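What follows is one structure encoded as structure tokens, with my remarks underneath.
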Amino acid sequence: MPVDVPCGGSVPCRVVVCRDCCCGSPKVTGLDHGEQTARLAEDAPVRVTDCLDVCDQANVIVVQPSSEGRAAGGRPVWFGLVNDPAATEDIAAWVRAGGPGVAALTDVLDLYAFTPPRRARSAPLRDAG
């Protein structure tokens with residue numbers, strides 16, 4: 001069941017899933033991309049975006065901090081090469097634990113985390129459409 005934002009409550013982590021030229025395409029094999037997005041949506045609001053310009057890291061998922069996480073200094077965390085269900089499950093568990101600024105990255109998730117080039121970080125995370 002998708003996560004609802006409670007009225008007047010804390011804004012939860014948000015997940016941005018890249019789905020364009022490489023991410024979510026047949027170029028990344030062995031993964032049900034729709035199932036990956038649906039699984040993440042069980043634990044946090046998910047927004048699908050156009051290309052984030054880091055195609056060498058496909059599939060890319062960005063976890064934005066909750067309001068609590070942002071208040072604690074949390075910043076968006078970019079994950080690349082998220083190409084198997086176990087990695088998706090690890091991200092979902094981290095989001096449930098609080099995500100950026102609230103929960104520490106696990107050793108496994110640290111392997112997927114990367115710092116995108118400046119051009120990607122400065123571009124707005126836009127909706128696909």
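As a basis for the values below, the full set of heavy atoms in this structure was taken, side chains included, without hydrogen atoms, waters or symmetry mates. This one's a predicted model, so the numbers in the text were calculated from it and none came from an experiment. Starting from 1, each residue takes its place in the sequence as its number.
- Scanning all heavy atoms of the two residues, the minimum distance from V82 to I61 falls at CG1-CD1, 3.8 Å.
- A 4.5 Å side-chain heavy-atom check between Y112 and N83 finds every atom pair outside the cut-off.
- Among all heavy-atom pairs drawn from A58 and L81, the shortest one is O-CD2, 3.5 Å.
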- Full working for side-chain contact (heavy atoms from CB on, under 4.5 Å) between V17 and V15: CA-CA 6 Å; V17 179; V15 177; 4.0 Å; yes
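- Both L105 and V108 are part of a single hydrophobic cluster, where members link through side-chain heavy atoms under 4.5 Å apart.
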Enumerate, atom names and distances included, each donor-acceptor pair closer than 3.5 Å involving a side-chain atom of residues 85-96, sequence neighbours excluded.
| residue | atom | partner | partner atom | Å |
| --- | --- | --- | --- | --- |
| T88 | OG1 | Q36 | NE2 | 2.9 |
| T88 | OG1 | D84 | O | 3.4 |
| E89 | OE1 | R39 | NE | 2.9 |
| E89 | OE2 | R39 | NE | 3.4 |
| E89 | OE2 | R39 | NH2 | 2.7 |
| W94 | NE1 | A103 | O | 3.0 |
| W94 | NE1 | A104 | O | 3.2 |
| R96 | NH1 | D43 | OD2 | 2.9 |

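- Within the model, atoms CZ of R75 and CZ of R70 stand 4.5 Å from one another, a figure rounded to the nearest 0.5 Å.
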Got a list of side-chain donor-acceptor pairs under 3.5 Å for residues 22-32, not counting sequence neighbours?
| residue | atom | partner | partner atom | Å |
| --- | --- | --- | --- | --- |
| S25 | OG | C22 | O | 2.7 |
| S25 | OG | K27 | N | 3.1 |
| K27 | NZ | C21 | O | 3.4 |
| D32 | OD1 | G34 | N | 3.1 |
| D32 | OD1 | E35 | N | 2.9 |

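- Heavy atoms only, all atoms of each residue included: P100 and C13 are closest at CD-SG, 4.0 Å.
- The shortest heavy-atom contact between W78 and V62 is CD2-CG2, 3.6 Å.
- No donor-acceptor pair under 3.5 Å is formed between the side chain of D20 and the backbone N or O of D50.
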- Item | R19 vs N59, side-chain contact (heavy atoms from CB on, under 4.5 Å): CA-CA, chis, key distance, verdict | CA-CA 8 Å; R19 291 291 185 256; N59 283 332; 3.8 Å; yes
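- Taking every heavy atom of both residues into account, V54 and P117 meet most closely at CG1-CD, 3.5 Å.
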